[in-house]
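Take a look at the structure below.
Remember, predicted model here, so these are calculated numbers, not experimental data.
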Amino acid sequence: MEMTWPELLKAARDRLDSLLPGHFELTDATIDGQAAAPRSGDALWQLKEQRSGDTLIVVEAKTSFAPRDVAKTEQRIPHMVRRAMGNPVVLVVAPWLSPRSRALLEERGYSYVDLTGNVHLRADRPAVFVKVQGADRDPRPSQRGPVRLHGPKARRLARLLTDVAPPLRLTDLALAGGLNRGYVSSLLKSLDEQALIDRDRKGAVVEVDWPALLLAASEPYDLLKSNSSALFVAPAGAGELFTRLGEDDAPPAVVTGSFAASAVAPVAAAAQLVLYTSDPAAMRNFGRLLPSDRGADVVLLRPEDEAQLARSRQVSGRTHVGLSQLALDCLGGNGRLPEEGHALIDWMRKHESQWRLRDVANSNA
């Protein structure tokens with residue numbers, strides 16, 4: 001049975017009460033001894049501490065909450081109203097808040113409580129900061145949950161949304177990605193609910209939070225498990241093999257991982273060479289590679305989806321994966337690859353005009 005709004009408020013306040021120090025008091029807000037009606041929000045609480053004063057808490061209670069609702073909270077409790085109220089704490093209460101919702105709320109300076117135990121409360125007077133980790137997955141998901149960024153097709157669409165600047169129409173995305181229109185429509189709806197994209201009234205994508213989108217797409221992706229992989233040792237070293245990839249007789253290969261990331265946003269000297277190849281046997285013979293489960297400095301991959309090699313780049317006579325695929329490969333890799341993936345995304349933020357396409361028709365190049 002779904003929790004009622006009063007039950008939700010009571011459960012959230014009980015949860016906060018249990019976490020606050022004993023000399024703090026959380027009550028309904030009063031003015032001249034009378035209960036104060038909230039100008040905005042669903043309830044108005046007061047956090048008191050005898051020596052350091054008190055602060056108002058404007059409560060937004062939702063029986064369900066999606067990342068898109070963060071913007072709606074801003075509309076319901078605009079900055080002007082908050083300032084007129086003396087900059088109260090804005091507290092969002094819900095049965096469960098997703099990691100994306102929590103991150104967006106914190107970015108905007110909001111506090112939150114959900115009934116699985118996720119709590120973030122910050123107030124200046126009295127000075128208090130409470131942060132508790134609860135569930136990252138909805139304990140009571142809907143019968144048909146939102147489309148998630150699992151699988152190669154979802155990552156294919158995530159790359160398109162990253163690589164091509166908006167506006168982007170659903171039909172064009174489906175055509176460029178070789179995807180079913182119904183699938184694209186469902187996934188765009190989910191991404192919109194997660195506040196990873198914005199769409200206009202006609203459904204066209206007009207804005208993409210592509211760094212957050214890449215991070216979300218990388219969560220279920222494992223570089224070595226999602227793709228077919230084999231590990232080797234290069235007798236003359238990975239660096240020597242990387243240099244030889246520019247030779248005329250080198251088998252076709254596409255560079256990803258550390259060697260590709262170092263060419264864009266170096267973090268440390270590249271040590272392991274990761275290559276996509278359609279002919280692992282030819283590359284193994286060319287590099288005189290020795291199979292090895294330990295200390296491998298060369299990884300050969302067969303992509304789970306040929307679209308991973310779309311929008312590859314030529315760098316100093318060698319073929320490298322496109323930047324969005326490189327970010328996914330690093331974030332989904334092991335060792336220091338995730339760190340290199342974050343450094344790459346930082347570089348991409350600062351140089352967006354250098355790599356982002358303006359026309360989806362060119363996205364298959």
- Please check if the distance between the ring centroids of His351 and Trp347 is under 6.0 Å. yes

- Nearest-0.5 Å distance that lies between atom CG in Leu241 and atom CZ in Phe232: 11.0 Å

- Query: Hey, are the side chains of Lys48 and Pro126 touching, using non-hydrogen atoms and a 4.5 Å cut-off?
  - Reply: no

- From Leu215 CG over to Glu219 CD, what is the distance, rounded to the nearest 0.5 angstrom? 7.5 Å

- Lys131 bridged to Glu106 by N-O distance under 4.0 Å: yes

- Item | Between Asn118 and Thr116: side-chain donor-acceptor atoms closer than 3.5 Å | yes

- Item | Distance-only polar pair, side chains of Glu340 and Ser258, donor-acceptor under 3.5 Å | yes

- Name the one of Asn227, Leu331, Leu149 that satisfies side-chain contact (heavy atoms from CB on, under 4.5 Å) with Tyr221? Asn227

- Query: For the atom pair CG (Leu214) and CG (Leu328), what is the distance rounded to the nearest 0.5 Å?
  - Reply: 5.5 Å

- Query: Is Arg100 salt-bridged to Asp209, cutoff N-O under 4.0 Å?
  - Reply: yes

- Going by an N to O cut-off under 4.0 Å, is there a salt bridge joining Asp346 and Lys350? no

- Task: Look at atom CZ of Arg169 and say whether more than 12 heavy atoms of other residues, nucleotides or ligands are closer to it than 6.0 Å.
- Result: no

- Query: Do the non-hydrogen side-chain atoms of Asp163 and Arg311 ever get within less than 4.5 Å of each other?
  - Reply: yes

- Are Arg318 and Phe242 in a cation-pi setup, meaning NZ or CZ lies under 6.0 angstrom from the ring centre and within 45 degrees of the ring axis? yes

- Item | Atom pair CD (Glu304) and CZ (Arg156), whose distance is rounded to the nearest 0.5 Å | 10.0 Å

- Query: How many angstroms lie between atom CG of Leu245 and atom CZ of Phe259, to the nearest 0.5 angstrom?
  - Reply: 9.5 Å

- Item | Donor + acceptor pair across side chains of Ser324, Arg159 (<3.5 Å) | yes

- Note on the structure: Value for CZ (Arg15) from CG (Leu19), rounded to nearest 0.5 Å, stands at 4.5 Å

- Query: Given the rule that I, L, V, M, F, W and Y join up when any side-chain heavy atoms are under 4.5 Å apart, are Val267 and Val315 in one cluster?
  - Reply: no

- Going by atom types alone, do Thr319 and Gln314 pair a side-chain donor with an acceptor below 3.5 Å? yes

- Please report the C-alpha distance between Phe129 and His120 in whole Å, then the side-chain angles of each, then the deciding distance to 0.1 Å, and finally whether the ring pair (Phe, Tyr, Trp, His ring centres under 6.0 Å) criterion is met. CA-CA 8 Å; Phe129 178 68; His120 176 89; 5.5 Å; yes

- Task: Go through the steps to decide whether Arg13 and Asp28 satisfy the test salt bridge (Lys or Arg N to Asp or Glu O under 4.0 Å), and finish with yes or no.
- Result: CA-CA 10 Å; Arg13 195 155 96 178; Asp28 289 327; 2.7 Å; yes

- Query: Does Leu97 offer a backbone N or O that forms a donor-acceptor pair with the side chain of Asp114 under 3.5 Å?
  - Reply: yes

- Worked check of side-chain contact (heavy atoms from CB on, under 4.5 Å) between Trp45 and Thr27: CA-CA 6 Å; Trp45 297 343; Thr27 64; over 6 Å; no

- Query: Got a sec, which residues hit side-chain contact (heavy atoms from CB on, under 4.5 Å) with Val206, two or more places apart in sequence or on another chain?
  - Reply: Asp198, Asp200

- Query: Do other residues, nucleotides or ligands put more than 12 heavy atoms under 6.0 Å from the CG atom of Asp248?
  - Reply: no

- Message: Are there over 12 heavy-atom neighbours, none belonging to Asp124, within less than 6.0 Å of that residue's CG?
- Response: no

